[in-house]
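Order of the sequence lines sets the chain letters (A, B, ...), proteins ahead of strands, with each chain counted from 1.
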Amino acid sequence: MNFFEKVYQAVKKIPYGKVATYGDIARLCGRQRAARQVGWALHQNPHFIEIPCHRIVNRFGALAPAFAFGGAHIQKSLLEQEGIEVREDLTVDLARYRCTELTE
DNA sequence: TATTTGACGATTT
DNA sequence: CAAATCGCCAAAT
């Protein structure tokens with residue numbers, strides 16, 4: 001399995017109402033320092049629809065300001081839809097929503 | 001074909 | 001404690 005596929009699998013493992021950081025996903029893939037490739041895997045996003053990119057945030061808890069699915073406010077909506085509180089600057093409270101259960 | 005860049009983060013100095 | 005450097009690897013130039 002390619003590193004990219006591992007990323008996709010890990011992302012899909014994120015439980016409802018939770019978020020994960022790039023570093024967390026990288027660690028789940030066996031490459032803690034490969035956070036960059038995690039972001040890239042999502043950028044490519046061959047499974048775009050199937051992968052909840054909105055649950056992926058950086059270490060600060062901020063969503064990717066990039067083009068994500070056509071609009072940052074879409075991410076905000078999706079996160080709020082899952083019960084996640086999103087600030088105006090598209091940041092979430094990692095202390096509450098980070099999927100610690102998955103990363104351990 | 002070679003170099004640079006890129007949704008990032010940890011480690012070292 | 002803050003700044004600089006390294007790691008990661010595929011795609012774009």
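Separating the CD atom of Gln32(A) from the P atom of dT12(B) is a distance of 12 Å, rounded to the nearest angstrom. Remark: P of dA7(B) and CD1 of Ile74(A) are 20 Å apart, rounded to the nearest angstrom. Rounded to an integer number of Å, the gap from Arg59(A) CZ to dA7(B) P is 16 Å. What separates CZ of Arg27(A) from C1' of dA10(B) is a distance of 12 Å, to the nearest Å. Counting to the nearest Å, the C1' atom of dA11(C) and the CG atom of Asn2(A) are 15 Å from each other. Arg98(A) places its CZ atom 10 Å from the P atom of dG9(B), with the value rounded to the nearest Å.
For DNA chain C, the stems formed by at least three consecutive Watson-Crick or G-U pairs, with both atom-pair distances below 3.5 Å, span B:2-6 with C:9-13, B:8-13 with C:2-7.
In this structure, Asn2(A) contributes its side chain and Glu5(A) its backbone to no donor-acceptor pair below 3.5 Å.
Nucleotides dT4(B) and dC6(C) are separated by 15 Å at their P atoms, to the nearest Å.
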Worksheet item: Does the pair Val38(A) and Cys29(A) meet the rule for a side-chain contact (heavy atoms from CB on, under 4.5 Å), with working shown?
Response: CA-CA 9 Å; Val38(A) 175; Cys29(A) 296; 5.6 Å; no
Worksheet, complete the sentence: Heavy-atom contacts, protein to nucleotides 4-9 of chain C, under 4.0 Å, summarised as B (base), S (sugar-phosphate only) or - (none) per nt, yield ---BBB
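Each of Ile56(A), Leu79(A), Leu63(A), Val86(A) was checked for a side chain to side chain contact (heavy atoms under 4.5 Å, CB included) with Val19(A), and the lone residue meeting it is Leu79(A).
Legend: side chain to side chain donor-acceptor pair (under 3.5 Å) pairs involving residues 9-23 of chain A, not counting sequence neighbours, sorted by first then second residue: Thr21(A)-Asp24(A). A side chain to side chain donor-acceptor pair (under 3.5 Å) check over residues 82-97 of chain A, counting only residues at least two apart or in different chains, returns the pairs His54(A)-Glu82(A), Arg55(A)-Glu82(A), Asp89(A)-Thr91(A).
For Arg36(A), there are no side chain to side chain contact (heavy atoms under 4.5 Å, CB included) partners two or more places apart in sequence or in a different chain. With sequence neighbours left out, the side chain to side chain contact (heavy atoms under 4.5 Å, CB included) criterion links Arg33(A) to no other residue.
Closest approach of Pro52(A) and Val11(A) over heavy atoms only: CD-CG1, 3.7 Å.
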